[in-house]
Structure formats: C-alpha cells, structure tokens
Amino acid sequence: MSVPEGLKYTKDHEWLKVDGDVVTVGITDFAQNSLGDIVYVELPEVGDSVDAGDSIGNIESVKAVAELYCPISGEIVEINGDLEEQPELTNASPFDKGWMFKIKTDVANLENDELMDAKAYDALEK
Amino acid sequence: MSEINVTPLNESHKELGGNMVDFHGWEMPVIYEGIVAEHIRTRETVSLFDVSHMGEVIFEGKDALAAIQRITTNDVSSLAIGQVQYSAMLYENGTIVDDLTVYRLSEDRYQLCINSANKDKDVEWIRKNVNGDIKWKDISSEIGQIAIQGRNSDAILQTLTGYDLKEIKYYWCAETEIIGSPVIIARMGYTGEDGFEIFCQKSDTLKIWKKLLEKGKPYNIAPAGLGARDTLRLEMCYCLYGNDIDDEHNALESSLGWIVKMDASDFIGKNALLKAQNEGIKRRLTPFILEGKGVPRQGYKIFDESGEVEIGKVSSGTSSPSLKKGIGMGYVLTEYFKKGTKVTIEIRNKKVPAIVTRPPFVDVHK
C-alpha cells in the first residue's frame, strides 16, 4: 500500500497536500483499494463553504458507497472535473490524477493534531 | 457459534489471492483482481467460479416425479432425461421458499440444486412435504461444484472429457466424466454466457479446478469471485434469493409466472397464486436502468417520475460494468410496471431518473 511522504493524512483515509492556504484533498491508496472499482464520485460545488467533519460528497464503487468527508474547514475553490467522466482515475492514481477537491483554508487550521504524517498514517490500524 | 464452512477450493482461493468473506456461513472469495476486471473477462473470454457452497438433493423412485411436481412450480413432467429446469418451491401462501434447478438424470432419478443460504430450511421443507415411494437425500456435503462461464468454456472443458459437449444443449446435462472423475455437466450458469456447471465429488473438486485453470491458460482464464457473480447475474436480471425473491412476495409478484405451470400439477402454493391472480397482482418485480448518475442499491426507495409518490423499493442494484450505468431490479406498483415507464430512484435525498425495462440488460454471446 503506497503512502507518499510530504502529505498529511486523516483517519478517514484522506490525504491533504498543502500549498500555502490551498489544500488539495484526495483518498488514500488504502481507501481506493478497499472500495474497489470506483464508478461515480459526487463532489461538492466550487464556492461551497465547508466545515471539518462535514460529509460533502460520496464515492460509489461497484460494491459499496463511501462518504467523502471534509478534513478541514474552508471554501471549495476547485474540483477535479476529470472524475466526472473517469472516476476510475482515483483507483489508478489516488495521489495524483485521482485527487478530489481543493479547499482554501485558514493556515491556522493546519495546526491540527488529527492530521497525521505519512509515518503515523502508515502505522494506523486499518 | 458453529465453525465457518469451507469449500474444497478454500486453500486454492487463498493461494490465488482471493479476498475471502463470510457468505451466509461459508468462507468464499468475493474479489480476486477486481469486480469489473473479473466481470469483463467473463463476458469476453472465460472465468471460473467456485459454487461448491450450493446444495444438492437427489430424488429417486417411482414417485419422484410426483413429489417434485408437488413441491415445485414448473412442470417436471415436461423434462426429458438429461434436461434441466429452473423452478421454485413455494409456501402455501405463494411466497418463495427457494428458487432452484431440477435435473432429470434418469427415468426416476432427479437432482435439485438449491441455494446454500436456504439449504437447511429447504431440506426441512422437503422432509415435511415429500412422501410416497421415494428415496431422497441431501448430498450437499459430498458434492463440489464449479462453474466455467464465458464463450471459451466449451473449448476448455472439451479438452478434459471424452463426452462430446456439443451434445449438451443449453439447459441440458449429462452424467459423464472429467479427467476420469464422475461428474454431472450441465450447460447453464448464472452469468448469461455460454458455460457449464460441473457437479463432482468433493474430493475431486480441486483437481478438476486446477486442470481447468491449466487448460484455460490460452484463453486467459482466471477465477472470479462472488462480486462479479452478482454483477453478471444482475445484468441478466437473474433473481437472487434474499434480494429479489423471498418469503414476502409471491411468485407472480416476483415476475416468475414463466416458471409457474398452473395446469401441470397441484403444487404447494398454487391456490394462493390463483387467488392472487384473481384479485390482481398489486406489485411486480421489474428491472430498471438509471438515466442519471449514481448507483441504485438494495433498499433504496422508488418513486414515480415526479418524485412525489413512493411506488416501491429496489431489491438489487449495481453499476453495470458492461453498460457503465446504474442498473437494478425492484418491486413497483403494477401500474408502473410497463416497459418504458419513467420512475425515479431516491439516492441519498436525490431523485435520480430511471426507466422501467425488461430483461436482460445486456446481449450475451450464446
């Protein structure tokens, strides 16, 4: 199971890539593998104001549906439109082409004990 | 708690990377490399399924025909030796004990193949309702079952048996051998593709399974799990007991009228079905296809086109790997049963448009 360095991780199996006050969010390799073939990703809308912990979308695979949680408060500034036609990108490339959405946040929100580094996430009981 | 049941192929599944789950008390592979990959491979070439968890009951004797006529809805007297029939056992109230297949093996000998999850209940039902000059036996624990499914099944299996498989037509069977082991080969399956279900001795299951994998290599054969088995059967609108048929809907509501032969015998449940027919069938099981995005799943509510009137419930749903669309079956009020009727499926507070259709969802390569 791949767990790249340099990202932050949540216990809900999402990853965050921080670039200033814009955070890109996706689901981890473990999450995509558990879900299996992803067939539909329901994303929030650009401009949505979201709070950490909110359920802001859904990921449908052939066998199950999983909620997409917002790991951090802020405003949705971009979504991955490619997933509309190619939801399987999240299976093939969970940390790159399969990203889900970008949030503009207050950098203070990133000082959060709930967010793990790669080592801590890798050690997490799954 | 009783220990989990395992099939003779349990170790093989684990060696081959099967993701094992508890399926109604059986440890079975649900996924190997992925549901979609296994599904598409079955549609395009060939897959192997372990169905050893299924139950088998043998009926033998002068009154075997009469006994099976009494407990099943289809017309057993229409079966020639070697012919197979899809059928159902009903309760007195017309709801379903189980769906099953009936194999006429010789003049007075028949096999019933029943669902593993219902086996104990079915055997109890048979015990209660079968009498006369007949011997019957639950041989489930002695029998392994393998399904080879896909257009290349015939070519592969033919390398392992002296029996000319061309002699076995769709929904026919033969008692013969595979690599010298006694088997029943039936040309049928749960995927819609050409293929065979092989009943063998439990102790022969693993060696037949391995030989099929070996001989199937030129066709990229690989095992498929219960996940793909479910998406394949749903594309064909084959019922799954516990989802689409159960003891809450009668066989006519379940759209199984085609296996109910009222004139053939006085089967258990017939009077209730006749009464229901007279009163008018109020709800029907129908396939539907989603026009919008999303995946329908069991238990989701079905509404009319406006989304205002609740008209039923989804019994099975998935994302069709062949069509890349949401498909499902569900019970709707009879006035919404007509092909082409626009309905909506409630998927997490959204009403997603869908259209009532008729089986199957995909054309297969028979």
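What you see is a predicted model, and the numbers here were worked out from it, not measured in a lab.
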- Examine whether an atom of B:Ile347 lies under 4.5 Å from a heavy atom of chain A, and if so say whether it belongs to the side chain, the backbone or both; otherwise answer neither. side chain
- Inter-chain contacts: residues 3-27 of chain A against chain B, heavy atoms under 4.5 Å: none
- Quick one: list whatever passes side chain to side chain contact (heavy atoms under 4.5 Å, CB included) with A:Ala52, sequence neighbours left out. A:Ser73
Using atom types as modelled and no hydrogens or angles, find all donor-acceptor pairs between chain A and chain B shorter than 3.5 Å.
residue, atom, partner, partner atom, Å
A:Asp37, OD2, B:Ile35, N, 3.1
A:Asp37, OD2, B:Val36, N, 2.8
A:Glu42, OE1, B:Arg348, NH2, 3.1
A:Glu42, OE2, B:Lys350, NZ, 3.1
A:Asn58, OD1, B:Arg348, NE, 3.4
A:Glu60, OE1, B:Arg297, NE, 3.1
A:Glu60, OE1, B:Arg297, NH2, 2.5
A:Glu60, OE2, B:Arg348, NH1, 3.1
A:Glu60, OE2, B:Arg348, NH2, 3.1
A:Ser61, O, B:Arg297, NH2, 2.7
A:Val62, O, B:Arg297, NH1, 3.3
A:Ala64, O, B:Arg297, NH2, 2.9
A:Glu84, O, B:Lys293, NZ, 2.9

- Interface residues of residues 101-122 of chain A facing chain B - non-hydrogen atoms under 4.5 Å apart: none
- Task: Using non-hydrogen atoms and a 4.5 Å limit, figure out which bit of A:Val65 sits close to chain B: side chain, backbone, both or neither.
- Result: both
